[in-house]
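Below is one structure, written out as structure tokens; comments come after it.
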Amino acid sequence: MYSTLHCNFLAHPLRSLAFASRRPIIQYSATFKLKARHRNAFTTVTRALSTSCVRWSDRKTDDTKGSVATPPLRENIYTIPNLLTVSRILSCPVLGWSILHDDFFLATGLLVYAGLSDVADGYLARRFNMHSVLGTILDPAADKTLMTTLTVTLAMKGLLPVSLASIIIGRDVLLSLSAFYIRYTSLPAPKTFTRYWDFSIPSAEVRPTTISKYNTFAQLALMCATTVTPILPTQYNLFVPEMQILVAVTTVWSGLSYVFSKDAVRIVSETRKQLPPS
């Protein structure tokens, strides 16, 4: 048998080599095709993963840019006008104590300070551009605190009719409840207890109506005249009864003006959203 194969190889060497190596060549070709197929599949998967990672990175970058471009609305509340307004509010308990203890000289001095500080904070806010949304809330709140203190204490001393005191306090209570409600509805989300009392986050701005300004002036004039009357000589007539009628009428009128006026309250968050991007 060995001699037969040897003879065939010598007679047809090329045919014998081709027959002997045909099976390994076919195996090597199939292995090469399988490796190439695996390499192509690996390349496709790698490209798909790279594309998805790049898209996810771009989306994350866009989200980060959007969050940085819209920071929460805040403002500086520690201004001199706001500090003067707060000092006016803090002086109200001392004012009430002085009236209840018949110290009308101290009460008159505190009223003078309240008037001067009111003028000063308004001038500083306009002159040095120290306006703030909190200031638009604190200033009328200080006036109302002063009016409430004077109204209650003077009525307790019998220097002011109880009916007029009820009208003034009733209107102020209704306006205060409305302010709490407006603050809650206009506060940007999320509406939490901490954010509600964080006044560096503006939500709504209160604008006094024209009749309300006249009413505030009339109330201040009446309260000052009533407070000063005990220390003035009897021959001085400050027209207190006529001023009481004027205050009663303007108080009711100003309360109705806040209900029917469209410009009394301005939502700050909605207004800033409507501003074009700079």
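Keep in mind that this is a model prediction, so the values were computed, not measured.
With Cys92 as the partner, the side-chain contact (heavy atoms from CB on, under 4.5 Å) test is satisfied by one option alone out of Thr145, Leu110, Leu150: Thr145. Evaluated for a side-chain contact (heavy atoms from CB on, under 4.5 Å) with Leu124, the options Thr79, Leu84, Val119 yield exactly one hit, Leu84.
Taking the six-membered ring where the residue is Trp, Phe128 and Tyr123 present perpendicular rings, their angle passing 60° and hence far from 30°.
Between Leu222 and Leu160, some side-chain heavy-atom pair lies under the 4.5 Å cut-off. Under the 4.5 Å side-chain criterion, counting only non-hydrogen atoms from C-beta, Met147 is in contact with Leu220. The side-chain heavy atoms of Leu83 and Tyr78, taken from C-beta on, include no pair separated by under 4.5 Å. The side-chain heavy atoms of Asn82 and Met130, taken from C-beta on, include no pair separated by under 4.5 Å. Residues Asp118 and Asp143 are in side-chain contact: their nearest non-hydrogen atoms beyond the backbone lie under 4.5 Å apart. Side-chain contact between Thr227 and Leu95 is absent, with no heavy atoms from C-beta onward closer than 4.5 Å. Put simply, the side chain of Leu246 does not reach to within 4.5 Å of the side chain of Phe239, judged on heavy atoms. In this structure the side chain of Asp121 reaches within 4.5 angstrom of the side chain of Arg88, judged on heavy atoms.
Here Thr151 contributes atom OG1 and Met156 contributes atom CE; the two are 12.5 Å apart, rounded to the nearest 0.5 Å. In this structure, OG on Ser163 lies 9.5 Å from CD1 on Ile168, to the nearest 0.5 angstrom. Leu146 CG to Leu111 CG: the interatomic distance, rounded to the nearest 0.5 Å, is 6.0 Å. To the nearest 0.5 Å, atom NE2 of residue His101 and atom CG of residue Leu106 are 11.5 Å apart. With values rounded to the nearest 0.5 angstrom, Thr229 atom OG1 is found 9.5 Å from Phe104 atom CZ. Rounding to the nearest 0.5 Å places SG of Cys224 at 10.5 Å from CG of Leu238.
Counting heavy-atom neighbours within 6.0 Å of Tyr113 OH, excluding the residue itself, gives a total above 12.
Cluster membership check: Leu154 does not share its hydrophobic cluster with Ile169, using side-chain heavy-atom separations under 4.5 Å among Ile, Leu, Val, Met, Phe, Trp and Tyr. Linking Ile, Leu, Val, Met, Phe, Trp and Tyr whenever their side-chain heavy atoms come within less than 4.5 Å puts Leu232 and Met223 in one cluster. A continuous path of ILVMFWY side-chain contacts below 4.5 Å connects Trp197 to Leu187, so both sit in one hydrophobic cluster. Hydrophobic clustering of Ile, Leu, Val, Met, Phe, Trp and Tyr side chains at less than 4.5 Å, counting indirect connections, unites Val240 with Ile99. Hydrophobic clustering of Ile, Leu, Val, Met, Phe, Trp and Tyr side chains at less than 4.5 Å, counting indirect connections, keeps Leu174 apart from Val249.
Residue pairs meeting the side chain to side chain donor-acceptor pair (under 3.5 Å) criterion with at least one member in residues 239-256, sequence neighbours excluded, are Arg171-Ser254, Asn215-Thr250, Asn215-Thr251, Gln219-Thr251.
Every residue two or more places apart in sequence or in another chain was checked for a side-chain hydrogen bond (donor to acceptor under 3.5 Å, both in side chains) with Thr148, and none qualifies. Take His131 and apply the ring-ring contact (aromatic ring centres under 6.0 Å, His included) test, not counting sequence neighbours, and it matches no residue.
Of all heavy-atom pairs spanning Ala114 and Ser117, the tightest one is O-OG, 3.0 Å. Nearest heavy atom pair, residue Tyr258 against residue Thr209, reads OH-N, 4.0 Å.
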Report task. Might you work through the side-chain contact (heavy atoms from CB on, under 4.5 Å) test for Ser166 and Val162, ending with a clear yes or no? Result -> CA-CA 6 Å; Ser166 301; Val162 178; 4.1 Å; yes

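Remark: side-chain polar atoms of Tyr196 are paired, donor with acceptor, to backbone N or O of Phe180 under 3.5 angstrom.
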